[in-house]
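Comments concern the structure below.
The shown structure was predicted, so the numbers you read here are calculated from the model rather than taken from an experiment. Quick note on labels: first sequence line is chain A, next is B, and so on, each numbered from 1.
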2 protein chains.
Amino acid sequence: MENKNSLQFHMNMGKLIGSVHNMITRRFVQNAHEAGLDISLDQWMVLGPIHYHGDASQKLLSDFCFKDKTSITRIVNTLEKKNLVVRVPDQLDQRINRIILTRAGKQLFNDVLPIMTKTKKEVSRNIPETDIEIFKDVLTRIISNLENV
Amino acid sequence: MENKNSLQFHMNMGKLIGSVHNMITRRFVQNAHEAGLDISLDQWMVLGPIHYHGDASQKLLSDFCFKDKTSITRIVNTLEKKNLVVRVPDQLDQRINRIILTRAGKQLFNDVLPIMTKTKKEVSRNIPETDIEIFKDVLTRIISNLENV
DNA sequence: AAATAATAGTTGTATATTCAACTAATGGAA
DNA sequence: TTCCATTAGTTGAATATACAACTATTATTT
């Protein structure tokens with residue numbers, strides 16, 4: 001583990017991304033927990049679009065979040081169990097579920113916003129804004145490299 | 001979903017990193033599968049250090065992979081079930097498991113190396129090397145921002 | 001030497017992810 | 001209009017993650 005090869009392995013991009021992803025997830029949950037809020041980062045990633053859209057279908061959430069429809073099904077299950085959202089069948093197309101925030105869901109959304117801001121600040125501390133921009137740009141390029149193949 | 005706020009949400013860093021992480025994981029597994037190999041990215045991330053170190057403890061793997069010791073326990077379980085590694089109790093400290101590659105494990109390691117290279121190439125296609133360097137640097141900085149708090 | 005603290009791993013519980021296979025509803029083509 | 005393909009969502013099985021609580025072993029302290 002002490003030679004050059006191992007260091008190179010250590011710095012592998014996939015591993016770095018995975019580690020950072022896990023760390024951000026953990027930090028977000030911790031910050032939320034300290035504020036007395038019970039929500040995971042993935043639940044938040046789905047709750048956000050539900051809030052902005054108003055009556056998103058699960059398909060839309062799936063596309064928007066780059067998550068499998070299965071994942072959306074299960075996250076919406078969890079949110080529904082917590083009484084944060086409800087599934088309402090679409091009037092015109094019976095295949096579609098419209099996901100609607102409950103009052104508690106709206107409340108939680110507003111409570112979590114500052115947690116998100118705090119987490120973002122902790123994550124990007126001491127990193128130049130220009131590097132953050134390049135960082136996001138690379139992420140976006142990787143997504144388009146892997147998206148439709 | 002069509003206004004400025006939603007776009008901003010869409011471009012959220014945590015979400016981007018999560019999406020990219022999932023996409024790379026999926027692509028790696030697909031590439032391995034096409035080559036007739038059955039291994040996940042996380043299994044590979046643990047198998048690599050086992051190979052380089054020779055007789056790594058689970059604690060070392062945990063530190064090295066930025067994964068919880070629980071995760072290591074379970075990934076090693078999986079690798080053991082597949083007869084890729086064995087747990088050997090340390091002679092001096094009975095608390096420690098030494099994780100050793102089997103012949104099949106060494107074989108798989110060598111078979112997977114080109115898959116890793118291929119995946120890396122697909123991921124970083126059309127992205128300038130200088131941007132990749134900044135990208136990795138930002139990832140490393142985020143890790144140190146979140147590591148010991 | 002005996003009590004206590006620290007370390008290495010495991011197990012239980014809850015959440016998240018993917019793929020494949022499935023149901024149900026919609027839309028188009030013969 | 002009937003058959004067929006597509007679309008939206010669910011379910012099952014396998015893998016991965018974190019935290020808390022646990023056992024067993026080693027190290028430290030009094």
Side-chain angles (χ1 to χ4, degrees), chain A residues 14-15 18-34 38-47 56-63 65-82 84 87-99 146, chain B residues 14-15 18-34 38-47 56-63 65-82 84 87-99 146:
Chain A
K15 190 180 149 319
S19 304
V20 166
H21 174 238
N22 291 345
M23 284 173 159
I24 292 179
T25 297
R26 214 180 317 165
R27 173 57 54 93
F28 173 81
V29 172
Q30 279 175 3
N31 284 340
H33 185 260
E34 280 167 19
D38 171 34
I39 188 170
S40 74
L41 184 56
D42 290 297
Q43 286 164 27
W44 171 251
M45 287 312 171
V46 174
L47 205 63
S57 70
Q58 296 186 197
K59 164 72 173 157
L60 183 146
L61 295 173
S62 172
D63 292 340
C65 298
F66 290 98
K67 287 179 191 294
D68 193 85
K69 57 187 178 172
T70 315
S71 301
I72 299 297
T73 292
R74 278 156 186 163
I75 291 175
V76 171
N77 285 349
T78 303
L79 296 175
E80 210 172 34
K81 237 183 291 176
K82 290 173 158 184
L84 299 171
R87 284 178 165 97
V88 179
D90 188 283
Q91 292 301 317
L92 297 172
D93 189 336
Q94 296 293 324
R95 292 170 303 184
I96 297 175
N97 288 335
R98 297 275 159 209
I99 313 301
L146 298 184
Chain B
K15 189 178 150 319
S19 304
V20 166
H21 174 238
N22 290 345
M23 284 173 160
I24 292 179
T25 298
R26 213 181 316 165
R27 173 56 56 93
F28 174 81
V29 171
Q30 280 175 1
N31 284 340
H33 186 260
E34 280 167 20
D38 171 34
I39 188 170
S40 73
L41 184 56
D42 291 296
Q43 286 165 27
W44 171 251
M45 288 310 172
V46 174
L47 205 63
S57 70
Q58 296 186 198
K59 164 71 173 157
L60 184 146
L61 294 173
S62 172
D63 292 340
C65 299
F66 291 98
K67 287 179 191 294
D68 193 85
K69 57 185 178 174
T70 317
S71 302
I72 299 297
T73 292
R74 279 157 184 161
I75 291 176
V76 171
N77 285 350
T78 304
L79 295 175
E80 211 173 33
K81 236 184 291 176
K82 289 175 160 183
L84 299 171
R87 284 179 165 96
V88 179
D90 188 282
Q91 293 301 316
L92 297 172
D93 189 337
Q94 296 293 323
R95 292 170 302 182
I96 297 176
N97 287 336
R98 296 276 161 209
I99 312 301
L146 298 184

Please pick, from [options], the nucleotide with the shortest atom-to-atom distance to any side-chain atom of [X].
X	options	result
B:Gln94	C:dA24, D:dT25, C:dT11	D:dT25
A:Gln43	C:dA16, D:dT11, D:dA24	C:dA16
B:Ser71	C:dT26, D:dT17, C:dT17	D:dT17
B:Ile96	D:dA16, C:dG9, C:dT17	C:dG9
A:Ser40	D:dA16, C:dT15, C:dA8	C:dT15
A:Gln58	D:dT10, C:dA16, D:dA18	D:dT10
A:Arg87	C:dC19, D:dA20, D:dT10	D:dT10

Between [atom2] on [N] and [atom1] on [X], what's the gap in Å once rounded to a whole number?
X	N	atom1	atom2	answer
A:Ile75	C:dA14	CD1	C1'	13 Å
A:Asp68	C:dA20	CG	P	11 Å
B:Asp90	D:dA24	CG	C1'	15 Å
A:Gln30	D:dT17	CD	P	17 Å
A:Lys82	C:dT15	NZ	P	7 Å
B:Ile99	C:dG9	CD1	C1'	10 Å
A:Asp42	C:dT15	CG	P	12 Å
B:Asn22	C:dA16	CG	P	12 Å

With sugar-phosphate meaning primed atoms plus P, OP1 and OP2, does [X] contact a base, only sugar-phosphate, or nothing at under 4.0 Å between heavy atoms?
X	result
A:Leu41	nothing
B:Thr25	nothing
B:Leu79	nothing
A:Ser57	sugar-phosphate
B:Thr78	sugar-phosphate

[N] OP1/OP2 closer than 4.0 Å to side-chain N/O of [X]:
X	N	result
A:Thr73	D:dT10	yes
A:Lys67	C:dT17	yes
B:Asn97	C:dT10	yes

Let me confirm one number: the CD1-CG distance from B:Ile99 to B:Leu47, rounded to the nearest 0.5 Å.
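Those atoms lie 11.5 Å apart.
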
Item to complete: Find the distance between CG (B:Leu41) and CG (B:Asn31) and round it off to the nearest 0.5 Å.
Response: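 If I round to the nearest 0.5 Å, the distance is 11.0 Å.
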
### Message
Can you work out whether A:Met23 or A:Lys59 has the more 5'-proximal nearest nucleotide on DNA chain D?
### Response
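Whichever sits nearer the 5' end wins; that is A:Lys59.
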
Polar pair under 3.5 Å, donor/acceptor by atom type, side chain B:Arg26, base C:dT18: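 When only heavy-atom distances are counted, B:Arg26 does not reach the base of C:dT18 through any donor-acceptor pair under 3.5 Å.
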
Given the structure, check if the side chain of A:Arg74 and the base of C:dT18 hold any donor-acceptor pair shorter than 3.5 Å.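 It does, because a donor-acceptor pair links the side chain of A:Arg74 to the base of C:dT18 below 3.5 Å.
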
*asked:* Taking the side chain as everything from C-beta on, heavy atoms only, tell me whether A:Arg98 gets closer than 4.5 Å to A:Ser57.
replied: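 SC-SC contact between A:Arg98 and A:Ser57 confirmed.
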
key: Sub-4.5 Å side-chain heavy-atom contact between A:Ile39 and A:Phe28   =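 Yes, at least one pair of side-chain atoms sits under 4.5 Å.
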
Check the surroundings of atom NZ in A:Lys59: do more than 12 heavy atoms from other residues, nucleotides or ligands lie under 6.0 Å from it?
->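 Not more than 12 within 6.0 Å, no.
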
Would a distance-only check, ignoring hydrogens and angles, find a side-chain to backbone donor-acceptor pair under 3.5 Å from A:Gln58 to A:Asn97?
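The answer is no, because no donor-acceptor pair under 3.5 Å joins these two groups.
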
Next on the checklist: When you measure from the side chain of B:Lys67 to the backbone of B:Asp42, do you find a donor-acceptor pair of N or O atoms at a distance under 3.5 Å?
Outcome noted: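 No: the side chain of B:Lys67 does not pair with the backbone of B:Asp42.
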
Whichever of A:Thr70 and B:Asp93 has its nearest DNA chain C nucleotide further upstream toward 5'
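The 5'-side residue here is B:Asp93.
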
